[in-house]
Amino acid sequence: MTDSDHRDFSDTREGLTGLYAELIRSIGLTGREIAKLSGTRPQYISHIKRRQRPWSNEMFIRPLAGLVVEYKWLLTGDLATDTKHIIAMYPSIARSDGPLLPLPLFERPFMGPRMTADEWDGSFVCVTSPVKEHAVAMQRPYILRLPFDDTAGRLRKGDHLLVNQIESADSAYALVKSGWGVKLVRRVDGGYVDVESGYRYTGSDVKTIGSVAMVLMGLL
């Protein structure tokens, strides 16, 4: 099923029922199990599956949120897109007691609390110790695959950075809000330098809203 099929399919209440059927078939959970995860009565789910009661957007988002738990900030409100992303990511989320931790992979600097449907394509990577232990202590962590070279530093296009969506004074690289976007900056004496453009901010120009905890992979 293509992305356009998903979007057209979710435009009707009948489409939401179809999306739900695809969800439970793909992730291998029963309606009763999803009802428990989403705080919904099993009878309600049964009525919906039998077409005795229609889905609503508000009702459909509850099982999605129940499945992703601490990854709720990845939900965009585009139900077809969110369903597709959860189908891909849920098996890794469900093994939370295992050695791997799934983290979303972004191609541009991002700061929450909410994203739009075009800000994440559903890609993610699973990290192991010791990165996992660092990430679980962070606020909405993700991996940034740097889309540009650092104009005056050691980072390069293609580096994978572990991002914490909260300020840290100890981090050499930070994220700042600039206009409608988010910029990755490097700390320098008296301010910051935009990693992509080389523009220099004074300390009073910006407020840091996130930080880079470590470089996971990069060119030597």
For [X] and [Y], work out which heavy atoms get closest and say how close.
{"X": "Y173", "Y": "R154", "value": "OH-N, 3.7 Å"}
{"X": "V212", "Y": "L184", "value": "CG2-CD1, 3.7 Å"}
{"X": "G158", "Y": "R145", "value": "O-CG, 4.1 Å"}
{"X": "I143", "Y": "L162", "value": "CD1-CD1, 3.9 Å"}
{"X": "T83", "Y": "L79", "value": "OG1-O, 2.7 Å"}
{"X": "L101", "Y": "A135", "value": "CD2-CB, 3.6 Å"}

What distance do [X] atom [atom1] and [Y] atom [atom2] have between them, rounded to the nearest 0.5 Å?
{"X": "M115", "Y": "D78", "atom1": "CE", "atom2": "CG", "result": "12.5 Å"}
{"X": "D82", "Y": "K72", "atom1": "CG", "atom2": "NZ", "result": "13.5 Å"}
{"X": "M111", "Y": "L175", "atom1": "CE", "atom2": "CG", "result": "6.5 Å"}
{"X": "L144", "Y": "L216", "atom1": "CG", "atom2": "CG", "result": "10.5 Å"}

Would you confirm whether [X], through its side chain, and [Y], through its main-chain N or O, come within 3.5 Å as a donor-acceptor pair?
{"X": "Q139", "Y": "I166", "result": "no"}
{"X": "N164", "Y": "S211", "result": "no"}
{"X": "Y71", "Y": "P102", "result": "yes"}
{"X": "R187", "Y": "S171", "result": "yes"}

Are [X] and [Y] side-chain neighbours, meaning at least one heavy-atom pair lies under 4.5 Å?
{"X": "F148", "Y": "R108", "result": "yes"}
{"X": "L155", "Y": "R186", "result": "no"}
{"X": "V163", "Y": "F106", "result": "no"}
{"X": "P109", "Y": "K183", "result": "no"}
{"X": "I24", "Y": "T30", "result": "no"}
{"X": "M89", "Y": "L74", "result": "yes"}
{"X": "D194", "Y": "T151", "result": "no"}
{"X": "P104", "Y": "F110", "result": "no"}

- Message: Using 30° and 60° as the class boundaries, would you call the ring planes of F60 and Y20 parallel, tilted or perpendicular?
- Response: perpendicular

- Under the side-chain hydrogen bond (donor to acceptor under 3.5 Å, both in side chains) rule, what do D118 and T116 come out as? Steps first, then yes or no, please. CA-CA 6 Å; D118 61 353; T116 60; 2.6 Å; yes

- So D149 and R156, side-chain contact (heavy atoms from CB on, under 4.5 Å) or not? Walk me through it. CA-CA 4 Å; D149 286 335; R156 293 292 180 265; 3.7 Å; yes

- Task: Show the numbers, then the answer: is there a side-chain contact (heavy atoms from CB on, under 4.5 Å) between L100 and T128?
- Result: CA-CA 5 Å; L100 303 178; T128 60; 3.1 Å; yes

- Task: Walk me through it: do E133 and S129 pass the test side-chain hydrogen bond (donor to acceptor under 3.5 Å, both in side chains)?
- Result: CA-CA 6 Å; E133 283 68 32; S129 299; 2.9 Å; yes

- Query: Do V193 and D150 pass the side-chain contact (heavy atoms from CB on, under 4.5 Å) test, and can you show the C-alpha distance, the side-chain angles, and the key distance before you say yes or no?
  - Reply: CA-CA 10 Å; V193 172; D150 185 346; over 6 Å; no

- Do D170 and S168 have a side chain donor and acceptor closer than 3.5 Å? no

- H160: which of V215, L105, L146 passes side-chain contact (heavy atoms from CB on, under 4.5 Å): L105

- Message: Using the rule that Ile, Leu, Val, Met, Phe, Trp and Tyr join whenever any side-chain heavy atoms are under 4.5 Å apart, tell me whether V136 and L103 fall into a single cluster.
- Response: yes

- Shared hydrophobic cluster for V176 and Y199 (ILVMFWY, side-chain gaps under 4.5 Å): yes

- Message: With a 6.0 Å cut-off (strictly less than), is the heavy-atom count around NZ of K36, excluding the residue itself, greater than 12?
- Response: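 No - once you tally the heavy atoms of other residues, nucleotides and ligands closer than 6.0 Å, there are 12 at most.
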
- Message: For I93 and L67: C-alpha separation, side-chain torsions, deciding distance, then whether side-chain contact (heavy atoms from CB on, under 4.5 Å) applies.
- Response: CA-CA 8 Å; I93 294 175; L67 288 170; over 6 Å; no

